[in-house]
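Below, all heavy atoms of this structure are taken into account, side chains as well, without hydrogens, waters or symmetry copies.
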Amino acid sequence: MKEAVEAQQSGNFEKAIRNYHLLLKTYPQIAEIHSNLGAALAGEGRYADAIVEYERALKIKPNPQVSLNLGLAYYKAGQLSRAIATLTKVHAEQPKNLQVLVLLADSHLQLAENKQVIALLTPAQKADPENATFNYLLGTALVRDGQIAPGQVIIDKILRNGDSAQARLLMGTTKLMVNDFKGALDDFTKAVELDPKLPDVYSYYGLALMSTGDQ
């Protein structure tokens, strides 16, 4: 166990995974071994396998941190509905945990559940109005929900911090909502240049291209 933990902490996930599997042959009912194995598997990007181990650990012994790790594994595996179900329970138990709040809000946003994002983040954003993550997620949800005016207030906060892919995506989405297709296309083009891995940017870029007649 000591070797496995030390290997995991040093980033040698392969060795840690091997040792945890050896331990589980003799001690299959120890929750901590399953949860540690889940974390090591997640460290290697093996989220489906990590989910199995986290679920096994929770069946043996409930643990809020393991529940959070399970929600995060679902999130990274793209299983957003399951991530939301898990993270909603964790959020109810840990309402001040900002990591849980952001993961939950972003999961809803990726599923286009904009009203849920707004309900989750409006109180948090009012308490911390300069939080860039809150502003981006909430501003995006407001704009996509058709609430352009309050969304614009939050976009202005982001713009004050300089040009960014997130700001361009938000501005482009706003212009798309009011049928300024050319303006939206300019913003999405710039967003792609600034951050080609920004979530959702290509979907909206494609819409703007279609709307300006560029099949």
Side-chain angles (χ1 to χ4, degrees), residues 4-5 8 11 13-14 16-17 20-21 23-24 27-125 131-145 166 169-170 173 195 197-204 206:
V5 171
Q8 185 172 348
F13 298 118
E14 184 179 349
I17 291 166
Y20 288 134
H21 277 304
L23 282 165
L24 285 171
Y27 306 105
Q29 292 303 312
I30 296 181
E32 288 77 10
I33 300 176
H34 287 288
S35 62
N36 283 5
L37 174 57
L41 289 164
E44 287 227 310
R46 296 169 56 183
Y47 299 114
D49 294 331
I51 287 166
V52 171
E53 296 304 325
Y54 287 141
E55 288 178 338
R56 286 172 177 166
L58 289 168
K59 284 181 180 178
I60 297 168
K61 185 171 69 175
N63 181 299
Q65 182 58 48
V66 177
S67 294
L68 170 54
N69 290 345
L70 175 61
L72 182 58
Y74 279 135
Y75 173 86
K76 290 189 174 181
Q79 299 183 37
L80 297 177
S81 294
R82 290 186 174 184
I84 288 169
T86 301
L87 293 169
T88 297
K89 294 176 182 177
V90 179
H91 180 58
E93 297 169 355
Q94 304 177 41
K96 294 183 179 180
N97 188 322
L98 297 185
Q99 181 189 15
V100 175
L101 178 63
V102 168
L103 286 170
L104 185 55
D106 192 43
S107 297
H108 280 299
L109 188 65
Q110 290 188 54
L111 292 178
E113 297 171 350
N114 300 308
K115 293 189 186 303
Q116 287 90 328
V117 180
I118 295 166
L120 276 169
L121 287 184
T122 297
Q125 194 273 341
N131 186 301
T133 303
F134 292 167
N135 286 337
Y136 173 66
L137 293 173
L138 180 57
T140 302
L142 286 166
V143 169
R144 293 181 186 177
D145 194 52
Q166 290 85 353
L169 178 57
L170 263 176
T173 306
D195 185 357
K197 294 184 179 181
L198 182 66
D200 293 339
V201 69
Y202 290 103
S203 299
Y204 284 94

Chemist: What pair of heavy atoms forms the shortest contact from V201 to L198, and how long is it?
Modeler: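 Closest heavy-atom pair between V201 and L198: CG1-O, 3.1 Å.
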Chemist: Would you mind listing every salt bridge (charged side-chain N to carboxylate O under 4.0 Å, His left out) that reaches into residues 78-106, with sequence neighbours excluded?
Modeler: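 Every pair satisfying salt bridge (charged side-chain N to carboxylate O under 4.0 Å, His left out) with a residue in residues 78-106: there are none.
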Chemist: Identify the heavy atoms of A50 and A42 that sit nearest to each other, and give their distance.
Modeler: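 The answer is CB-N, 3.8 Å.
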Chemist: CG of L101 to CG of L120: how many Å apart, nearest 0.5 Å?
Modeler: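 So the CG of L101 and the CG of L120 are separated by 6.0 Å.
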Chemist: Tell me, do R144 and L109 make a side-chain contact under 4.5 Å, heavy atoms counted?
Modeler: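 With C-beta onward as the side chain, the pair touches.
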Chemist: Could you give me the CA-CA distance, side-chain angles and deciding distance for L137 and V102, then say whether side-chain contact (heavy atoms from CB on, under 4.5 Å) is met?
Modeler: CA-CA 8 Å; L137 293 173; V102 168; 4.1 Å; yes
Chemist: Using 0.5 Å steps for rounding, measure from the CD atom of E55 to the CG atom of L70.
Modeler: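 That separation rounds to 5.5 Å.
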Chemist: Please walk me through it: do Y20 and Q8 pass side-chain hydrogen bond (donor to acceptor under 3.5 Å, both in side chains)?
Modeler: CA-CA 10 Å; Y20 288 134; Q8 185 172 348; 2.6 Å; yes
Chemist: Does any N or O in the side chain of H34 come within less than 3.5 Å of the main-chain N or O of P28, such that one atom is a donor and the other an acceptor?
Modeler: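 Confirmed, H34 side chain pairs with P28 backbone.
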Chemist: If you count heavy atoms of other groups shown closer than 6.0 angstrom to OH of Y202, is the number above 12?
Modeler: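 Yes, the 6.0 Å shell around OH holds more than 12 heavy atoms from other groups.
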Chemist: If you look at every heavy atom in V117 and L138, which pair is closest and at what distance?
Modeler: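 Shortest heavy-atom separation between V117 and L138 comes out as O-CD1, 4.5 Å.
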Chemist: So, does Y54 use its side chain to make a donor-acceptor pair with the main chain of A39 at under 3.5 Å?
Modeler: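 Indeed, once roles are kept as given, a pair shorter than 3.5 Å links the two residues.
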Chemist: Once you round to the nearest 0.5 Å, how far does CG of L80 lie from CG of L104?
Modeler: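 L80 CG to L104 CG: 11.0 Å, rounded to 0.5 Å.
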Chemist: Less than 4.5 Å apart, any side-chain heavy atom of L121 and any of H108?
Modeler: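 Contact flag for L121/H108 side chains = no.
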Chemist: Quick check: closest heavy atoms across L111 and S81, and the distance to 0.1 Å?
Modeler: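 Shortest heavy-atom contact: CD1-OG, 4.0 Å.
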Chemist: I need the K76 NZ to Y47 OH distance, nearest 0.5 Å.
Modeler: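 Answer for the NZ-OH pair, K76 versus Y47, is 4.0 Å.
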Chemist: Hey, is CD on E44 packed in by over 12 heavy atoms from elsewhere, all under 6.0 Å?
Modeler: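 Atom CD in E44 is packed in, count exceeds 12.
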Chemist: Atom CD of Q94 and atom CG of L87: how far apart are they, to the nearest 0.5 Å?
Modeler: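 That separation rounds to 10.5 Å.
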Chemist: Between S35 and E32, is there a donor-acceptor pair closer than 3.5 Å when you use the side chain of the first and the backbone of the second?
Modeler: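 Checking the backbone N and O of E32 against the side chain of S35, a donor-acceptor pair under 3.5 Å is found.
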Chemist: N135 vs Q125, test: side-chain hydrogen bond (donor to acceptor under 3.5 Å, both in side chains). Steps then yes/no.
Modeler: CA-CA 7 Å; N135 286 337; Q125 194 273 341; 2.9 Å; yes
Chemist: Let me see the working for V143 and L170 under side-chain contact (heavy atoms from CB on, under 4.5 Å), right down to the final yes or no.
Modeler: CA-CA 8 Å; V143 169; L170 263 176; 4.3 Å; yes
Chemist: So which heavy atom on G43 is nearest to which on F13, and how close?
Modeler: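 Shortest heavy-atom separation between G43 and F13 comes out as O-CE1, 3.6 Å.
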Chemist: If every non-hydrogen atom of L23 is compared with every non-hydrogen atom of I33, which pair is closest and at what distance?
Modeler: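 Closest approach of L23 to I33: CB-CD1, 4.0 Å.
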Chemist: So, using side-chain contact (heavy atoms from CB on, under 4.5 Å) as the criterion, who are the partners of Q29 when residues are at least two apart?
Modeler: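 So Q29 forms a side-chain contact (heavy atoms from CB on, under 4.5 Å) with I60.
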Chemist: If you round to the nearest 0.5 Å, how far is OG1 of T86 from CG of L72?
Modeler: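 Nearest 0.5 Å value for the CG-OG1 distance: 11.0 Å.
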Chemist: Are R56 and L37 close enough, and set up right, to give a side-chain contact (heavy atoms from CB on, under 4.5 Å), and what steps lead you there?
Modeler: CA-CA 11 Å; R56 286 172 177 166; L37 174 57; over 6 Å; no
Chemist: Kindly indicate, with the supporting measurements, whether the criterion side-chain contact (heavy atoms from CB on, under 4.5 Å) is fulfilled by N97 and L68.
Modeler: CA-CA 10 Å; N97 188 322; L68 170 54; 4.2 Å; yes
